[in-house]
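A short write-up of the structure that comes next.
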Amino acid sequence: MNKYSFPSKKEENSNHSIDMKEENTEPSNERQLNFLEEIIERDLSNGTCTSILTRFPPEPNGYLHIGHAKSICINFGLAKKYGGKTNLRFDDTNPVKEDTEYVDAIRQDIHWLGFDWASEHYASDYFDQLYEWACVLIRRGLAYVDDQTLEEIRENRGTITTPGKDSPWRNRSTEENLDLFQRMKAGEFPDGSKVLRAKIDMASPNMMFRDPIMYRILHARHHRTGDKWCIYPMYDYAHGESDSIEQITHSICTLEFDIHRPLYDWFIQQLGIFPSHQYEFARLNINYTVMSKRKLLQLVQEGHVNGWDDPRMPTICGFRRRGYTAESIRNFAERVGVAKRDNIIDYSLLEFSLREHLNKVAQRRMAVLNPVKLVIDNYPEEKVEMLPAVNNPENADDGMREVPFCRELYIEREDFMENPPKKYFRLSPGQEVRLRYAYFVTCNNVEKDAEGNVTCIHCTYDPATRGGDAPDGRRVKGTLHWVSARHAVDAEVRLFDRLFATEAPDEAPEGKTFLDNLNPNSLNVLHGCKLEPSLTLARTYGEEKDSLPADRAWEPEHFQFERLGYFCLDKDAVSGKWVFNRSCTLKDSWAKLNK
RNA sequence: UGUCCUAUGGUGUAAUGGUAGCACAACUGACUCUGGAUCAGCCAGUCUAGGUUCGAGUCCUGGUAGGACAACCA
């Protein structure tokens, strides 16, 4: 193929720009294929498979986080793109860590992200089949019961650079192994006294091949199979076979499993069952956060956050409560790409994806977070005007609303300075600014308390500027948001900063843990914030939860508080006791100037 | 002193032997009733040493750096 014969992307676009206005804007259709897509297209075109079936296999031992969201988008996205399907399979082979609480939450999160699975499975559904196959392997001399203790097994496994030693039980007869394995299943032996191992090679350079454990004895109640089993299969024995049973064509997982792949293939080959194949991609990392279930669980259990859905958590439910939209997370997952090299994504890419979506759909409202009173001395005492305001300048269909205006208002304390620096466009003595959708006002004087804090700003307004335009064409540099004092609704507003103060919180110095990297100021709760009254129309969780199916999550309404950021109602809010979360700020070039 | 994976601007990600491109971030400007949005511009990259080739980010060899593997976790 001669590259010179092709026009560049730019030229192509400009040639067709007139016809392309309504073109599909899905980014995935425009970019180059990632390596998984290449594999799938190859398999589809050379007849390795005629359709694809992927799977998302969470262990129900915790809540899903943004890293899982990437995996979900890859697995479901690939199937969707190539006309295939995706199964949801709960990898529930370790009863001591798993619980149905997590099963329900996982279902909700996947649905919320916008995906539906073809069918739902559990590794525990396959316990009988897995047991049968273990017996097959024993009969073929490929598995044996080992009586060594945990310590002996560890000792004899050798190290990365030295080979292991064969177990003294490695050459038991088939009959004895079968008998012992059957009695393990029957519950004759205590936990830890015996395991079933694959007989491969104790000297293999791949540690996974040093007679990996297939079954352990665990007298534990399983959240689905109850007390039926007291032996449970290990991940390496269960996973590939589960894929095979479901006839998964492309089993996609993260990089740390690449060393497991030869073993995954070994079990499938020895058993001669459906040849699923495993492919690995680099897991998602984001700076200023942690992404391990163990650490997230610790944050919850030790009370460093207020639950799995704390808006500062990188969990899917945390992002949802924070006000992230599913679309923004899907777009984020698309942007981070799929490759095999380790990566740390900048948090700003997440915020960009959110702003990009919310800018298009969020209704604009006015709210004052840190209020100070402003009195318009020449405005009639009792007068109230209902001023029209645009709901969303990005979408004319969203129409207008009316906002009450009167003599006494609240404005943001930061929007007034008695001695302003250069380039400060907001209110200061003698300075004229616009009150958005209302009038031009000029500051005359201020009242202060004993400590010198401004308690009230006195202004005069120009009646000719109603609606925010001056008929004489004069202009102002600053436009402020405001709320009528008489009509304002009180609210609590929760502001969030990054949960960790350091870019790579996992990296703690000697004697410290990731907890020492927590940002002590990650939560800032404001009281006495002032909302424009129309915000009380927002739907609360309490009003809606009863009409929600069990597997569907509640989605708050998203607003932009003008000049402040994107906000949504928290699930704690009830009518009359309003609580809003800040999802993210607006880009703020003034704040940047002052850094 | 092992096996495997990986290496492209600050961060991600493309280029499939033939013009190193895109996004985010940063920066500059225009416009603006959100210091928002939008638009325009700009900075910045192939880990290293050899080899193959008319031509190497791409293929080969060595080195360097990072990661994974020694749970009866997944």
Side-chain angles (χ1 to χ4, degrees), chain A residues 1-4 8-9 27 30-34 38 57-59 61 91-94 96-98 146 149-150 153-154 157-164 191-197 204-210 213-218 232 234-236 238-239 253-262 280 282 287 293-294 335-353 355 359-360 364 366 389-390 393-394 423-426 434-438 467-469 475-481 560-565 585-593:
Chain A
M1 182 172 79
N2 182 359
K3 286 197 176 175
Y4 291 105
S8 74
K9 272 242 163 69
E30 296 171 10
R31 60 157 174 76
Q32 298 291 320
L33 300 181
N34 65 47
E38 283 177 356
E59 183 186 15
N61 69 342
D91 220 342
D92 55 350
T93 56
N94 186 3
V96 301
K97 286 167 70 181
E98 295 151 8
D146 193 349
T149 64
L150 193 150
I153 289 177
R154 187 178 301 153
R157 185 149 29 219
T159 70
I160 273 167
T161 51
T162 59
D191 288 3
S193 59
K194 285 178 170 45
V195 290
L196 183 73
R197 289 232 250 174
S204 172
N206 183 343
M207 299 295 290
M208 291 296 151
F209 271 25
R210 321 252 261 227
I213 292 167
M214 295 165 59
Y215 273 90
R216 76 282 214 186
I217 302 171
L218 230 44
Y232 290 93
M234 301 287 291
Y235 167 86
D236 282 300
H239 200 91
C253 61
T254 46
L255 239 36
E256 64 269 29
F257 290 101
D258 71 335
I259 199 150
H260 297 244
R261 188 179 353 102
E280 311 86 19
N287 56 7
K293 268 192 196 172
R294 201 204 93 229
R335 278 194 178 90
V336 300
V338 182
K340 294 193 78 151
R341 71 188 91 112
D342 295 328
N343 61 79
I344 302 173
I345 308 291
D346 206 290
Y347 198 91
S348 62
L349 188 62
L350 209 34
E351 294 196 317
F352 167 80
S353 301
R355 290 191 187 109
N359 177 49
K360 293 276 183 280
R364 270 58 169 178
M366 290 199 284
V390 175
E394 301 290 323
K423 295 219 183 157
Y424 185 83
F425 303 149
R426 285 114 99 144
R434 173 189 297 111
L435 295 175
R436 189 143 160 89
Y437 299 124
D469 280 311
R475 314 183 65 121
V476 289
K477 281 264 198 176
T479 300
L480 310 187
H481 62 278
Q560 185 195 101
F561 291 178
E562 296 222 20
R563 300 210 301 136
L564 297 174
T585 62
L586 257 25
K587 278 173 78 175
D588 187 348
S589 49
W590 168 246
K592 208 176 280 175
L593 247 182

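The shown structure was predicted, so the numbers you read here are calculated from the model rather than taken from an experiment.
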In whole Å, measure the gap between the [atom1] atoms of [N] and [M] for me.
N: B:G67; M: B:C47; atom1: C1'; answer: 16 Å
N: B:U61; M: B:A23; atom1: P; answer: 36 Å
N: B:A26; M: B:U38; atom1: P; answer: 14 Å
N: B:G36; M: B:U46; atom1: P; answer: 34 Å
N: B:C5; M: B:C24; atom1: C1'; answer: 27 Å
N: B:G12; M: B:A30; atom1: C1'; answer: 30 Å
N: B:A74; M: B:U6; atom1: C1'; answer: 23 Å
N: B:A7; M: B:U48; atom1: P; answer: 14 Å

Under 4.0 Å, heavy atoms only, any strand: does [X] hit a base, just the sugar-phosphate, or nothing?
X: A:Phe257; value: base
X: A:Arg364; value: base
X: A:Tyr215; value: nothing
X: A:Tyr347; value: nothing
X: A:Lys293; value: nothing
X: A:Lys97; value: base
X: A:His260; value: base
X: A:Arg294; value: nothing
X: A:Thr149; value: base
X: A:Thr159; value: base
X: A:Arg436; value: base

Distance-only donor-acceptor test (3.5 Å): side chain [X], base [N]:
X: A:Gln560; N: B:U34; value: yes
X: A:Arg426; N: B:G35; value: yes
X: A:Arg31; N: B:U13; value: no

Roughly how many Å is it from [atom1] in [X] to [atom2] in [N], rounded to a whole number?
X: A:Phe352; N: B:A37; atom1: CZ; atom2: C1'; answer: 12 Å
X: A:Arg355; N: B:U38; atom1: CZ; atom2: C1'; answer: 16 Å
X: A:Ile259; N: B:A71; atom1: CD1; atom2: P; answer: 13 Å
X: A:Asn359; N: B:C39; atom1: CG; atom2: C1'; answer: 14 Å
X: A:Arg563; N: B:U32; atom1: CZ; atom2: P; answer: 18 Å
X: A:Asn206; N: B:A70; atom1: CG; atom2: C1'; answer: 11 Å
X: A:Leu480; N: B:G36; atom1: CG; atom2: P; answer: 15 Å
X: A:Phe209; N: B:U3; atom1: CZ; atom2: P; answer: 16 Å

Donor-acceptor contact present, side-chain [X] to main-chain [Y], <3.5 Å:
X: A:Asn287; Y: A:Tyr347; answer: yes
X: A:Arg210; Y: A:Thr159; answer: yes
X: A:Arg355; Y: A:Thr585; answer: yes
X: A:Ser204; Y: A:Asn206; answer: yes
X: A:Arg216; Y: A:Gly192; answer: no

* Structure fact -> On RNA chain B, more 5' by nearest nucleotide between A:Pro393 and A:Glu256 is A:Pro393
* Please figure out whether A:Leu33 or A:Asp92 has its closest RNA chain B nucleotide nearer the 5' end. => A:Leu33
* Test log, rule side-chain contact (heavy atoms from CB on, under 4.5 Å), inputs A:His239 and A:Thr93 -> CA-CA 9 Å; A:His239 200 91; A:Thr93 56; over 6 Å; no
* Asked: In dot-bracket form, how is RNA chain B paired, counting a Watson-Crick or G-U wobble pair only if both its distances are under 3.5 Å and using | for bases paired to another strand?
  -> .((((((..((((....[..))))..((((.......)))).....(((((..]....))))))))))).....
I'd like a table of atom pairs between the protein and nucleotides 5-10 of chain B - only N or O on both sides, under 3.5 Å - with the distance next to each one.
residue, atom, partner, partner atom, Å
B:C5, O4', A:Asp258, OD2, 3.2

* Asked: Is A:Tyr235 stacked on the base of B:A74 when the test is centres under 5.5 angstrom and planes under 30 degrees?
  -> no
* **Mutual orientation of the aromatic rings belonging to A:Phe257 and A:Tyr235 [parallel < 30°, tilted 30-60°, perpendicular > 60°]** => tilted
* **Distance, nearest 0.5 Å, that separates CZ of A:Phe209 from CG of A:Asp236** => 10.0 Å
* Asked: Take atom CG in A:Leu33; do more than 12 heavy atoms of anything else shown fall under 6.0 Å from it?
  -> yes
* All side-chain contact (heavy atoms from CB on, under 4.5 Å) counterparts of A:Glu394, not counting sequence neighbours -> A:Asn359, A:Lys360, A:Arg364, A:Asn392
* To do: With syn defined as a glycosidic angle within 90° of 0 and anti as everything else, classify B:A25.
  => anti
* To do: Check each of A:Thr254, A:Asp258, A:Ile259 against A:Glu280 using the side chain to side chain contact (heavy atoms under 4.5 Å, CB included) test, and report the only one that passes.
  => A:Asp258
